[in-house]
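What follows is a set of notes on a single structure, which appears directly below.
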Number of protein chains: 2
Amino acid sequence: METKDILSRRGIAPSLTRLKIYEYLRAASHPSVDEIYQNLKEEIPTLSKTTVYNTLHLFVEKDLAKALFTDFSKNRYDIKDVPHAHFHCTECDEIHDIHEITPPRIAEDAIEGYLAKEAQLTLKGVCPRCRRQNTNSQ
Amino acid sequence: METKDILSRRGIAPSLTRLKIYEYLRAASHPSVDEIYQNLKEEIPTLSKTTVYNTLHLFVEKDLAKALFTDFSKNRYDIKDVPHAHFHCTECDEIHDIHEITPPRIAEDAIEGYLAKEAQLTLKGVCPRCRRQNTNSQ
DNA sequence: AAATAAAACTGTAATGATTACAAGGGGGTG
DNA sequence: CACCCCCTTGTAATCATTACAGTTTTATTT
């Protein structure tokens with residue numbers, strides 16, 4: 001399927017900028033906003049970084065792309081020693097510990113060639129309290 | 001075990017500031033740096049935010065605490081649709097797709113009361129290339 | 001083709017988290 | 001008492017992200 005159609009299907013107008021960003025994203029490896037911007041501004045000299053942000057937000061909203069959480073961006077700390085997952089509620093922005101599901105225990109040499117030191121499992125969605133509030137108010 | 005001893009065991013001098021930060025971290029729920037700072041400066045009026053950063057970095061280095069990756073601060077994007085994990089190499093800062101291990105498929109209602117929409121599994125460690133380079137140069 | 005409205009795009013400024021860095025302070029040791 | 005080391009502090013710099021208002025482009029209607 002052509003990129004144009006992929007965007008159209010999701011209700012995104014397939015402008016040149018959006019096509020290029022989509023294609024860069026598909027070809028590259030987890031690029032940062034700046035990487036996308038730096039690389040595309042050769043082809044699209046008028047490109048603005050704000051547009052890259054806007055476009056990525058749009059893609060995420062329309063389920064065409066995902067925002068990753070990685071070690072680059074850590075702004076919460078935890079001290080619990082029992083393995084557990086984290087649930088981030090997108091409504092209230094709270095983080096809850098989840099013990100029903102745990103990050104897989106990964107041996108250091110589980111993945112050929114890699115030395116794995118830590119695994120984090122993060123879930124995203126709506127927490128019980130926010131679900132109740134949504135139901136009540138609608 | 002007393003907090004003082006927990007720190008000492010890891011080779012961290014148990015200063016008042018560090019004790020308080022450790023105890024706050026243990027009692028609170030995934031606090032941000034600012035939350036820790038705001039709450040402790042009542043007790044420790046001279047506290048500086050830099051100290052909170054320094055102390056947390058120290059705890060992480062000594063394996064007393066973990067930095068979480070969450071949706072709050074995401075700065076990489078991905079478009080792949082096959083479920084896969086991400087491996088963040090702490091030496092070269094690259095992110096690799098890992099297909100040998102995948103995030104557990106989590107049904108929306110898998111966790112009592114929660115609505116789970118997405119799961120991300122992130123590993124941390126050293127990638128094959130960096131491991132080879134370390135070996136060669138030492 | 002002109003007129004209009006809506007949607008995309010842009011640039012600048014503001015915000016917020018984090019880091020860099022150089023200097024201050026306190027406690028223990030010789 | 002002098003010295004040194006480590007902890008702590010404050011300011012300034014950096015970097016990613018967002019806010020916002022204005023401009024350009026595109027599509028639509030006349």
Side-chain angles (χ1 to χ4, degrees), chain A residues 3-4 7-8 10-22 24-25 30-62 64-77 88 90 93 95, chain B residues 3-4 7-8 10-22 24 30-62 64-78 88 90 93 95:
Chain A
T3 307
K4 196 170 30 164
L7 300 193
S8 299
R10 307 274 176 155
I12 300 172
S15 72
L16 176 73
T17 309
R18 287 169 174 171
L19 291 173
K20 289 292 181 191
I21 292 177
Y22 184 88
Y24 188 91
L25 197 51
H30 321 97
S32 64
V33 168
D34 195 59
E35 180 188 333
I36 297 172
Y37 172 69
Q38 295 300 339
N39 282 279
L40 288 184
K41 77 175 178 187
E42 294 169 17
E43 280 185 81
I44 314 174
T46 62
L47 184 64
S48 151
K49 207 181 263 190
T50 302
T51 299
V52 179
Y53 276 106
N54 290 342
T55 305
L56 288 173
H57 290 166
L58 182 65
F59 286 177
V60 169
E61 188 194 321
K62 301 290 187 184
L64 270 185
K66 260 195 219 173
L68 300 192
F69 338 137
T70 72
D71 196 33
F72 294 117
S73 48
K74 47 205 169 210
N75 48 13
R76 296 293 178 109
Y77 288 85
H88 177 196
T90 51
D93 267 352
I95 299 177
Chain B
T3 307
K4 196 170 28 166
L7 300 194
S8 300
R10 307 273 176 155
I12 300 172
S15 71
L16 176 71
T17 308
R18 288 169 174 173
L19 291 174
K20 291 291 181 192
I21 291 178
Y22 184 88
Y24 189 92
H30 323 97
S32 64
V33 166
D34 195 59
E35 178 187 333
I36 297 172
Y37 172 70
Q38 296 300 338
N39 281 278
L40 287 184
K41 77 174 177 189
E42 294 169 16
E43 283 184 78
I44 314 174
T46 62
L47 184 64
S48 150
K49 207 180 263 191
T50 302
T51 300
V52 179
Y53 275 105
N54 289 342
T55 305
L56 288 173
H57 291 165
L58 183 65
F59 286 176
V60 170
E61 187 193 322
K62 301 290 187 183
L64 269 185
K66 259 194 218 173
L68 300 193
F69 334 139
T70 74
D71 196 33
F72 293 116
S73 42
K74 49 220 156 165
N75 48 15
R76 296 292 178 110
Y77 289 85
D78 192 9
H88 178 197
T90 51
D93 267 353
I95 299 178

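Every chain is numbered from 1 and lettered A, B, ... according to where its sequence line falls, protein lines coming before strand lines. Computation of the quantities below employed the complete heavy-atom set of this structure, encompassing side-chain atoms and omitting hydrogens, waters and symmetry-equivalent molecules.
Of the side-chain N and O atoms in B:H57, one or more sit less than 4.0 angstrom from OP1 or OP2 of C:dT19. Between B:Y53 and C:dT18, a side-chain N or O to OP1/OP2 separation shorter than 4.0 Å is present. Remark: A:T17 is in phosphate contact with C:dC9, judged by side-chain N or O atoms under 4.0 Å from OP1 or OP2.
Rounded to whole angstrom, the span from the NZ atom of B:K49 across to the P atom of D:dC7 amounts to 23 Å. Distance, A:L19 CG to C:dA8 P: 12 Å, rounded to whole Å. The CG atom of A:L40 sits 16 Å away from the C1' atom of C:dT10 (whole-angstrom rounding). At whole-Å resolution of the value, CG in A:L47 and C1' in D:dT24 are 15 Å apart. Residue A:I44 contributes atom CD1, which lies 14 Å from atom P of D:dT25 at whole-angstrom precision. In this structure, CG of A:D34 is placed 16 Å from P of D:dT14, rounded to the nearest angstrom. The nearest whole Å value for the distance from the NZ atom in A:K41 to the P atom in C:dC9 is 18 Å. Atom-to-atom, CG of B:L16 to P of C:dG27 comes out at 12 Å; the value is rounded to the nearest Å.
Taking OG1 from A:T3 and CG from A:L19, the interatomic distance works out to 6.0 Å, rounded to the nearest 0.5 Å. Atom-to-atom distance recorded for A:H30:NE2 and B:H88:NE2 is 11.5 Å, nearest 0.5 angstrom. Rounded to the nearest 0.5 Å, atoms CG (B:L64) and OG1 (B:T55) are 11.5 Å apart. Distance NZ/A:K41 to CD1/A:I36: 14.0 Å, rounded to 0.5 Å. Residue B:L47 holds its CG atom at 6.5 Å from OH of B:Y37, rounded to the nearest 0.5 Å.
Nearest nucleotide to the side chain of A:T50, out of D:dC20, C:dA8, D:dT9: D:dC20. Out of D:dC7, C:dC9, D:dA19, the shortest distance to the side chain of B:A13 is found at D:dC7. Closest to the side chain of A:V33, out of C:dA20, D:dC7, D:dT17, is D:dT17. Closest to the A:T51 side chain, of the nucleotides C:dC9, D:dT8, D:dT9, is C:dC9. With distances taken from any side-chain atom of B:N54 to the nucleotides D:dT9, D:dT17, C:dT12, the minimum falls on D:dT9. Closest contact between the side chain of A:S15 and the listed nucleotides C:dC9, D:dC7, C:dT10 involves C:dC9.
Checking B:Y37 against B:I12, the closest nucleotide of DNA chain D that is more toward the 5' end is the one next to B:I12.
Within the nucleic acid shown, A:T55 has no heavy atom closer than 4.0 Å to any nucleic acid atom.
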